[in-house]
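Position 1 is the first residue of the sequence; numbering continues from there. What you see is a predicted model; the values in this text were computed from it and never measured. These numbers come from the heavy atoms of this one structure, side chains and all, not from hydrogens, waters or symmetry mates.
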Amino acid sequence: MLLKELLKELKYEIIAGDLNAEVSSIVLDSRKAAEGCLFVCVRGAVVDGHRFAADVAKARAAVLVVEEDVDVEGPTVVKVPDSRYALACISAAWFGHPARELKTIGITGTKGKTTTTYMVKSILEKTGHKVGLIGTIEAAWGDVSIPAANTTPESYLVQKYFRQMADAGCDAVVMEASSQGFMLHRTAGFTFDYGIFTNIEPDHIGPNEHKDFDHYLECKKTLLRQCRVGIINRDDEHFARIIDGATCAIETYGIDNAKADIDPAKDLRAENMELVSKPGYLGIKYDVKGMMDFPVEIDIPGKFSVYNSLTAIAICRHFSVEPATIVSALRDVQVKGRVELIKVSDDFSLMIDYAHNAMALESLLSTLREYNPHRLVTVFGCGGNRARDRRFEMGEVSGRMADLTIITSDNPRNEDPQAIIDDIKTGISKTDGKYVEIINRKDAMKYAIEHGEPGDIIICAGKGHETYQEINGVKHDMDERVLIKEILEELK
């Protein structure tokens, strides 16, 4: 493809060379540079691609895209204000702007992104749509499933997946759009048909992520300047700030009576919520009101499930999905590692969840406490080579909110598992919470199941969708669903 075709939607300056340069491939990794390629010099958290400009030139690259001057001979050099943004636009052009062949749905928010994407996919596929998905767990379409490295992949991969989805016959794609993804322009180069803002709470704030909450919020708000229709949780306390500066048409959803400042004609709401609890089953039901009117029951517990399902309904309304289809699809949907109920007994409930920080664990335990369990039992550990504060905080939350904590290993990585457990115990010691410690995760889960009492809710937290355990730099196969099957066989 000619360089000038790739640069059509960019502001740029030709420092050297020819706009008619022929490009054979797009490359980000200098080690993969080859004759005829276009290499984008991206500033990473650890490595700056500009450092390798000379090496790439020696590999006979056709084009270098840069943010700063580089001393090279041979390739065409294109200077842009932001090479990450340029990468997104170049990638979109390289793959023939595949987003224009799909209905694109972007979901952002601190919580709820993953579950909502699967709900949307489930509902739309019930009506015959072929739907691609990109998110925390996987990129998936048809029979293809590619494990995810990032919630929102690099822009080149996003566009590559879009192209593969479109070529496979997909007519829609639903994807998680993270704050990091917006900050690093991973979703640039196209406009979402629908943008969903689920909620926002202080998270991902630190030296390697966002400097403060304001920056975190501003990054997420990018979605509402990059979509045609924005669907927003009006119950979020930051609602006014979320919609400030939005350039899209706005619709809202929430729980109970529509707020006075919202146009009821553009509002979807849940009324008459009721918790549903049966042996080995936890769910919630409610009535959809406003722009649609029908009852719903979901076998995923908690108020947050109402928000997630309302979000999915608000999206699928734009695809003219019949209420009966929505109801059926929501009954069937289950998201791996997100409040995932696993049937082990008629006497008590057990679930797997990805909650791996104090905020997520507290939210989950608060939700489950509303079901008035006999006991709340947590099984969790914390990752090694990560902030120690997380261990103290999770220990304190579990000690305060659970009736029994079973402390075990998560991904110890290069740390001593016992040292991590000791840190969790430090947090629990600030409470009156009861605990046991069992380093081996399978043994910890077996203990929880063996000692389950009628009416208990047992939560295996932290691993969620992960199917491995990382120890001393090596990833070992470990899927909690498999472990539970093995435990049940052993207990027969």
Side-chain angles (χ1 to χ4, degrees), residues 105 107 109 111-129 131 133 135 172 174 194 196-199 229 231-236 251-259 262 264-341 343 349 351 353 363-364 366-368 370-372 457:
I105 304 160
I107 302 179
K111 295 182 294 191
K113 297 187 296 296
T114 301
T115 299
T116 305
T117 56
Y118 281 91
M119 285 180 169
V120 170
K121 189 172 190 289
S122 176
I123 295 170
L124 291 180
E125 288 184 340
K126 280 268 187 180
T127 66
H129 289 280
V131 185
L133 180 146
V174 56
Y194 305 101
I196 292 81
F197 203 122
T198 63
N199 51 62
V229 177
I231 301 170
I232 303 156
N233 177 2
R234 60 165 165 76
D235 293 344
D236 193 279
E251 296 177 1
T252 61
Y253 65 95
I255 291 177
D256 294 329
N257 296 321
K259 295 185 178 178
I262 302 301
K266 296 182 180 178
D267 186 69
L268 197 69
R269 58 191 181 275
E271 296 181 359
N272 307 318
M273 287 190 304
E274 184 181 334
L275 302 180
V276 181
S277 180
K278 304 170 189 173
Y281 173 93
L282 300 174
I284 195 163
K285 60 183 180 180
Y286 64 93
D287 294 327
V288 179
K289 297 292 183 180
M291 291 187 288
M292 301 186 83
D293 189 348
F294 57 92
V296 167
E297 182 175 332
I298 317 160
D299 64 354
I300 304 175
K303 191 175 181 179
F304 57 79
S305 298
V306 175
Y307 281 113
N308 292 343
S309 55
L310 262 183
T311 310
I313 293 167
I315 296 165
C316 293
R317 189 184 71 83
H318 287 276
F319 289 78
S320 302
V321 182
E322 291 294 324
T325 303
I326 292 174
V327 170
S328 173
L330 287 176
R331 276 186 175 275
D332 294 342
V333 72
Q334 189 169 58
V335 184
K336 190 174 183 181
R338 298 303 192 276
V339 202
E340 181 184 355
L341 283 159
K343 183 67 180 292
S349 302
M351 65 184 61
D353 193 79
S363 174
L364 177 61
S366 295
T367 291
L368 297 176
E370 294 177 357
Y371 286 82
N372 297 314
I457 299 177

*Side-chain donor-acceptor pair under 3.5 Å between Asp267 and Thr252, yes or no?*
yes
*Does Asp235 reach the main-chain N or O of Ile255 with its side chain, forming a donor-acceptor pair under 3.5 Å?*
yes
*Got Leu124 and Ile105 here, is their nearest side-chain heavy-atom distance under 4.5 Å?*
yes
*Partner set under side chain to side chain donor-acceptor pair (under 3.5 Å) for Thr311, not counting sequence neighbours*: Tyr253
*Return yes if some donor-acceptor pair links the side-chain N/O of Thr115 with the main-chain N/O of Gly112 below 3.5 Å, else return no.*
no
*Does a side-chain heavy-atom distance below 4.5 Å link Tyr194 with Val120?*
no
*Any chance you could measure Lys113, atom NZ, to Thr198, atom OG1, to the nearest 0.5 Å?*
6.5 Å
_Approximate separation, where rounding is to 0.5 Å, of Thr117 OG1 and Arg338 CZ_ = 9.0 Å
*Got Leu268 and Glu251 here, is their nearest side-chain heavy-atom distance under 4.5 Å?*
no
*asked:* Distance check, rounded to the nearest 0.5 Å: Asn233 atom CG versus Ile196 atom CD1?
replied: 12.0 Å
*Carefully, step by step, assess Thr116 and Tyr307 under the rule side-chain contact (heavy atoms from CB on, under 4.5 Å).*
CA-CA 9 Å; Thr116 305; Tyr307 281 113; over 6 Å; no
*With side chains defined as the heavy atoms from C-beta onward, is the minimum distance between Thr367 and Lys303 less than 4.5 Å?*
no
*Indicate whether any N or O donor in one side chain lies under 3.5 Å from an N or O acceptor in the other, for Ser349 and Tyr371.*
no
*Would a distance-only check, ignoring hydrogens and angles, find a side-chain to backbone donor-acceptor pair under 3.5 Å from Asp299 to Tyr281?*
no
*Looking only at atom types and distance, does a side-chain atom of Ser305 sit under 3.5 Å from a main-chain N or O of Pro301, one as donor and one as acceptor?*
yes
*Is there a side-chain contact between Met119 and Ile300 (heavy atoms, below 4.5 Å)?*
yes
*Can you tell if the side chain of Ile313 reaches within under 4.5 Å of the side chain of Val296, non-hydrogen atoms only?*
yes
*Walk me through it: do Ile315 and Ile107 pass the test side-chain contact (heavy atoms from CB on, under 4.5 Å)?*
CA-CA 10 Å; Ile315 296 165; Ile107 302 179; 4.3 Å; yes
*asked:* Nearest 0.5 angstrom please: Lys285 NZ to Leu330 CG, how far?
replied: 15.5 Å
*Would you please name every residue forming a side chain to side chain donor-acceptor pair (under 3.5 Å) with Glu125, sequence neighbours left out?*
Lys121
_When you compare the side chain of Phe197 with that of Asp236, does any pair of heavy atoms fall below 4.5 Å?_
no
*Measure up the Phe319 and His129 rings against each other and bin them: parallel (under 30°), tilted (30 to 60°), perpendicular (over 60°).*
perpendicular
